[in-house]
Amino acid sequence: MGLRDKDQLPVLELEPALPLVRLNHVSFSCASLEASVDFYRRVLGFELVRRPASLDFKGAWMHKYDMGIHLLQRTSDCDAPPVSPPAMINPKGNHISFQCSDMALMKARLRDMNLELVTTRVLDGETAVEQLFFHDPDGNMIEICNCENLPVVPLAAAASSCLAKQPASQCR
């Protein structure tokens with residue numbers, strides 16, 4: 001994951017697993033709720049779902065792919081700073097990421113919609129991951145990737161595997 005030996009996180013004692021199941025939703029404040037709803041519906045296929053009646057502020061809940069996006073209309077008393085679209089798309093910036101099963105189709109779709117996007121590739125041995133980055137109307141960055149191509153290997157397991165094959169001084 002990019003950590004060097006001196007940057008390694010301490011190995012924690014194994015504790016009982018937390019009862020977390022999955023990511024439920026992300027939440028964004030919006031300059032225009034209507035524009036954001038249209039974007040997430042049209043570009044990413046999210047659907048509007050009912051919000052609890054007790055929420056007495058303007059917003060929209062959207063759902064698809066077993067996750068939600070909560071959009072909140074930004075108001076003058078909102079503590080979230082207004083977001084202006086960054087000058088450029090930076091794949092190293094904060095973003096949400098969606099797994100994609102057909103990157104060529106998604107890339108063509110985004111280009112047909114005239115969305116500005118940056119494409120990158122992550123290589124790990126023979127494994128390649130394609131990434132598409134673009135902004136929503138409020139400048140929030142979104143990634144589309146085929147990240148499932150890259151196995152998730154806990155650092156403790158990676159270190160054990162490395163140590164079994166070679167001296168610890170050669171594991172990085």
Kindly work out whether a path of hydrophobic side-chain contacts (I/L/V/M/F/W/Y, heavy atoms less than 4.5 Å apart) joins L33 to V49.
no
Within the 4.5 Å heavy-atom criterion, are H135 and I142 side-chain neighbours or not?
no
So how far is it from L72 CG to C30 SG, rounded to the nearest 0.5 Å?
7.0 Å
Which pairs pass disulfide bond (SG atoms under 2.5 Å apart) with one or both residues in residues 90-141, sequence neighbours excluded?
none
Spatial distance of atom CG (L110) from atom OG1 (T119) [nearest 0.5 Å]
11.0 Å
If you draw a 6.0 Å radius around CZ in R42, do more than 12 non-hydrogen atoms from other residues or ligands fall strictly inside?
yes
Suppose the criterion is ring pair (Phe, Tyr, Trp, His ring centres under 6.0 Å): which pairs have a residue in residues 88-131, not counting sequence neighbours?
F46-F98, H95-F133
Let's go through E143 and L117 carefully: what are the C-alpha distance in whole Å and the side-chain angles of both, what is the deciding distance for side-chain contact (heavy atoms from CB on, under 4.5 Å) to 0.1 Å, and is it a yes or a no?
CA-CA 10 Å; E143 173 191 6; L117 61 109; over 6 Å; no
Can you tell me if CD on E148 sees more than 12 non-hydrogen neighbours from other groups inside 6.0 Å?
no
Going hydrophobic residue to hydrophobic residue with side-chain gaps under 4.5 angstrom, can you get from M113 over to I144?
yes
Determine whether more than 12 heavy atoms belonging to other residues, nucleotides or ligands lie under 6.0 Å from atom CG of N94.
no
Pairwise distance CZ(F39) to CD1(I69) - rounded to 0.5 angstrom:
9.0 Å
Check whether any side-chain N or O of N149 sits under 3.5 Å from a backbone N or O of V129 as a donor-acceptor pair, and report yes or no.
no
Does either side chain, that of S36 or that of D136, offer a donor lying less than 3.5 Å from an acceptor on the other one?
no
Point-to-point distance, once rounded to the nearest 0.5 Å, from NZ of K58 to CZ of R51
10.5 Å
If you round to the nearest 0.5 Å, how far is NZ of K64 from CZ of R41?
11.5 Å
Filter on ring pair (Phe, Tyr, Trp, His ring centres under 6.0 Å), then keep only pairs touching residues 16-35, sequence neighbours left out; what's left?
H25-H70
